[in-house]
There are 2 protein chains.
Amino acid sequence: MAIAKPANNQRRSGEPRRSAGSQLPDAGQGQALDFDELNGHIGYFLRRLQVAVFSNFIRTLAPLDVRPAQYSVLILISANPGRSQSAIGQALNIERARLARMLHELERREWIERRAAPDDRRSHSLFLTETGTKALARIRSLAARHEERMVELIGRDRRLLLLDLLREFG
Amino acid sequence: MAIAKPANNQRRSGEPRRSAGSQLPDAGQGQALDFDELNGHIGYFLRRLQVAVFSNFIRTLAPLDVRPAQYSVLILISANPGRSQSAIGQALNIERARLARMLHELERREWIERRAAPDDRRSHSLFLTETGTKALARIRSLAARHEERMVELIGRDRRLLLLDLLREFG
DNA sequence: TATTGTTATACTCTATAACTATA
DNA sequence: TATAGTTATAGAGTATAACAATA
């Protein structure tokens with residue numbers, strides 16, 4: 001799926017579909033396309049907006065080179081210091097293998113540290129370093145700027161409605 | 001970003017945030033995590049739902065081994081026969097390089113064919129083959145089943161509201 | 001035996017660049 | 001010179017499997 005906005009010739013799912021053979025010939029080559037079935041798929045539109053939002057996030061956070069997944073991990077470590085990799089990974093649905101590599105990178109930047117957990121020596125307790133705490137302050141500021149752009153993109157009321165809808169689903 | 005559902009200790013964006021140091025010690029290790037800032041990010045929730053929806057799509061279409069992007073391309077070719085690769089790619093925001101590979105795969109399955117465009121010999125006109133048309137009928141049926149599951153997951157009214165919101169944004 | 005974290009592999013998707021053949 | 005399509009490469013993200021240390 002992808003990201004283009006369907007043209008105006010929308011057809012709601014459930015309405016009759018023109019057969020392929022009955023397509024009118026294109027008057028010009030710049031004709032808008034028929035998105036057909038796609039207009040009835042929630043996933044298509046979700047994906048479209050999600051890509052646009054992440055794209056802005058990545059661009060806005062580019063000065064600090066922080067990606068959405070890294071941001072979510074830093075926020076969770078900051079708000080829940082001392083928790084294990086498995087706890088953070090499960091909460092964010094990040095594979096432990098992938099999280100291990102990501103934390104290695106965040107450790108290389110000296111934003112986080114792993115300490116031996118006293119109760120279970122298999123697991124690592126995660127903390128922000130002082131450097132990481134300072135970086136996160138700047139990151140939060142850029143992330144807030146991103147979210148302000150989302151208000152402009154989506155509209156304040158629509159964003160709040162969307163937030164409520166998405167939060168409460170499932 | 002990722003996909004877990006935040007626990008109940010939500011904090012709206014704009015409300016004061018507990019500092020990391022003031023976290024209560026964990027009574028047990030199964031404690032719910034504080035998602036903090038993430039609760040105010042539309043992108044976080046969008047991503048969460050989008051991943052869940054695509055995951056169901058992929059599982060539902062697995063018998064025919066069709067992924068979301070392939071589905072969207074097949075639908076667009078079916079509804080707009082004879083259009084060029086660049087037209088389809090721009091409409092769906094798929095890189096021409098990636099679309100070329102995807103079409104190669106769809107051609108290998110004998111679902112689509114490329115014919116020389118009479119007016120511009122650089123471009124290829126795309127069509128479903130007869131095999132592709134038959135396959136798409138089955139694909140549509142599974143995709144419809146997927147969308148029914150989405151109604152169950154999201155709720156009928158919420159899905160319609162979401163569809164309208166997402167469709168009209170931008 | 002099961003779990004935590006690590007390393008490795010493979011596949012999808014995204015982003016570029018370089019190339020060809022046409023225009 | 002620009003555009004349509006192709007090929008190649010590299011980076012994220014995802015999904016597995018195998019392994020060591022520990023429970």
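Chain letters run A, B, ... following the sequence lines, proteins first and then strands; every chain starts at 1. Only heavy atoms go into these numbers, but all of them, side chains included; no hydrogens, no water, no symmetry mates.
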All salt bridge (charged side-chain N to carboxylate O under 4.0 Å, His left out) counterparts of B:E130, not counting sequence neighbours: none
Of residues 103-113 of chain A, the positions that come close to DNA chain D - non-hydrogen atoms, cut-off under 4.0 Å: none
Nearest-angstrom distance from the residue atom CD1 of A:I58 to C1' of C:dA15: 12 Å
Distance, rounded to the nearest Å, where B:L126 contributes CG and D:dT6 contributes C1': 14 Å
Side chain to side chain donor-acceptor pair (under 3.5 Å) partners for A:S86, two or more places apart: A:S84
Length of the line joining A:Q50:CD and C:dT14:C1', which is rounded to integer Å: 13 Å
A:R149: partners by salt bridge (charged side-chain N to carboxylate O under 4.0 Å, His left out), with sequence neighbours left out: A:E152
For A:R122, all residues meeting salt bridge (charged side-chain N to carboxylate O under 4.0 Å, His left out), sequence neighbours excluded: A:D120
Pairing residues for B:D65 by the salt bridge (charged side-chain N to carboxylate O under 4.0 Å, His left out) criterion, not counting sequence neighbours: B:R109
Selection from D:dT7, D:dG13, D:dA18 that lies nearest to any side-chain heavy atom of A:A69: D:dG13
Side-chain H-bond candidate by donor/acceptor type, A:R145 with A:S141, under 3.5 Å: no
Test side-chain contact (heavy atoms from CB on, under 4.5 Å) applied to A:E107 - qualifying residues, sequence neighbours left out: A:I112, A:R114
Interatomic distance where CD belongs to A:E95 and C1' belongs to D:dT16 [whole Å]: 8 Å
Taking every non-hydrogen atom, the tightest pair across B:L76 and B:I88: CB-CD1, 4.0 Å
Protein-nucleotide distance (A:H124, atom NE2; C:dT3, atom C1'), rounded to Å: 13 Å
Sugar-phosphate, base or nothing in reach of A:A97, heavy atoms under 4.0 Å: base
Check nucleotides 9-12 of chain D for protein N or O atoms closer than 3.5 Å to its own N or O atoms and list the pairs.
{"from": "D:dA12", "atom 1": "O3'", "to": "A:R67", "atom 2": "NE", "distance (Å)": "3.4"}

Touch class at under 4.0 angstrom, heavy-atom based, for A:Q85 against every strand present: sugar-phosphate
Nearest-Å distance for atom pair CG/C1', residues A:L99 and C:dT7: 15 Å
Which residues share a side chain to side chain donor-acceptor pair (under 3.5 Å) with B:R108, sequence neighbours left out: B:E105
Whole-Å distance separating the CZ atom of B:F54 from the P atom of C:dT12: 15 Å
Kindly give the atom pairs (protein nitrogen or oxygen, nucleotide nitrogen or oxygen) under 3.5 Å for nucleotides 21-23 of chain C.
{"from": "C:dA23", "atom 1": "OP1", "to": "B:R121", "atom 2": "N", "distance (Å)": "3.2"}

Residue-phosphate contact under 4.0 Å: B:S86 side-chain N/O, D:dA4 OP1/OP2: yes
Closest listed nucleotide, where the reference is the side chain of A:R47 and the choices are C:dT14, C:dT6, D:dT14: C:dT14
Sequence-distant partners of B:L64, side-chain contact (heavy atoms from CB on, under 4.5 Å), two or more places apart: B:V66, B:R138, B:I139, B:L142
Salt bridge flag under 4.0 Å for residues A:R140 and B:D36: yes
Side chain to side chain donor-acceptor pair (under 3.5 Å) against B:E113, all qualifying residues, sequence neighbours excluded: B:R115
Distance, rounded to the nearest Å, where A:M102 contributes CE and C:dT6 contributes C1': 15 Å
